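For ligands, and for the atoms within them, numbers begin at 1 and follow the listed sequence. We number each residue from 1, following the sequence as shown. Values in this document were obtained by computation on a predicted structure and should not be read as measured data.
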Amino acid sequence: MTEPVNRTPLIAGNWKMNTTLESGVALAKNILEGVAAIDAGFSTPGWEIAFYPPATSLALVADLCAGFDACDVLVGAQNMHAEDSGAFTGEISAEMVLSCGAGSVLLGHSERRHVFNETDAEIGAKVKAAVDAAITPVLCVGEKLEERDADKTMEVVAHQLEAGIEGLTEAEQLKTVIVAYEPVWAIGTGRTASPAQAQEVHGFLRKELGKAFEKRGGKAEDRETIRILYGGSVKPDNASELLGETDIDGALVGGASLDAQSFLGICEGSN
Ligand code: 13P
């Protein structure tokens, strides 16, 4: 038996195409103030937070979070291109993300996959570009409702995971990845996976990560170092039950991350 690794819960807000420069900075400020107030009280935050604002406010939000010391804060982009530069109108590169002071990026979000038709190969190339640039990728995977109904959930997420990390040839590179399981049918629908349903997939993904580490010359136990976040209608009233599951190491929150009180409520639920 391997010793369980203590993975610090990460509560991440994906703001999607919401917030202006002003309202985004105000939202981040309110959340940071709330975290600082918790830190000044009796309980030290036992979690880390992350913000994924629109690219237009990435630099300002990153600047606001730099030096915040009540808990670790990761700031990241919602997407980026795999190429360094060039004729890719509308896209941003790893270097641009870094130049904003950000250190992370969401990749393969279901909206990128299913609304913008991003392919596994494109997502894999982006994950590699992020890791090469020392940007922490959050690789999102998740099945559609018809895939769950056809008992294809594990097959779909295993394939998305494998394709997403294909370009990472070293175990050390794989250690830098965060995975997010977001069942498509639970995103923005108010319908959450039950803690047991989510745990089943998270446990499976962790086993797959074990195989991926071995394939790269690492140890299967290295899978215990990887944080696997759950996303899909996470709210203050369901967060603690979900985060109580062994392999759920945090939340990737959409709608409820746009309100400081509900985001803080989710953070408190993760203790
Ligand atoms: P909701 O929390 O709004 O369901 O969105 C989840 C999500 O897509 C986070 O990336």
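By the 4.5 Å side-chain criterion applied to Ile, Leu, Val, Met, Phe, Trp and Tyr, V115 is assigned to a cluster that also includes F116.
Below 4.0 Å from some heavy atom of S233 lie the following atoms of ligand 1, by number and element: 1 (P), 2 (O), 4 (O). Taking every heavy atom of G188 and a limit of under 4.0 angstrom, the matching atoms of ligand 1 come to 1 (P), 3 (O), 4 (O). Taking every heavy atom of G254 and a limit of under 4.0 angstrom, the matching atoms of ligand 1 come to 1 (P), 2 (O), 3 (O), 5 (O), 6 (C), 9 (C).
With 3.5 Å as the limit, one finds no donor-acceptor pair spanning the side chains of S93 and D84. A donor-acceptor pair shorter than 3.5 Å cannot be found between the side chains of S257 and Y52. Between the side chains of W15 and Q78, no donor-acceptor pair of N or O atoms lies under 3.5 Å. At a cut-off of 3.5 Å, with distance as the only test, no side-chain donor of N79 or H109 sits close to an acceptor on the other residue.
Distances between N or O atoms of G231 and those of ligand 1 include no value under 3.5 Å. For the pair H109 and ligand 1, the shortest N or O to N or O distance falls below 3.5 Å. Any N or O atom pair closer than 3.5 Å counts here, and K16 shares at least one such pair with ligand 1. No N or O atom of G232 sits closer than 3.5 Å to an N or O atom of ligand 1. In terms of N/O distances under 3.5 Å, ligand 1 is approached by G255.
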**Prompt:** Can H202 and Q197 be said to form a side chain to side chain contact (heavy atoms under 4.5 Å, CB included), step by step?
**Reply:** CA-CA 9 Å; H202 282 232; Q197 276 176 323; over 6 Å; no
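Counting heavy atoms closer than 4.0 Å to ligand 1, residue I187 contributes atoms from both its backbone and its side chain.
At the shortest separation from atom 7 (C) of ligand 1 among protein heavy atoms lies E182 OE2, 3.1 Å.
Here the NZ-CD distance, from K219 to E224, works out to 12.0 Å after rounding to the nearest 0.5 Å.
A distance-only check finds a donor-acceptor pair linking the side chain of R206 to the backbone of R223 [under 3.5 Å].
Residue contact annotation: A186 has a non-hydrogen atom under 4.0 Å from ligand 1.
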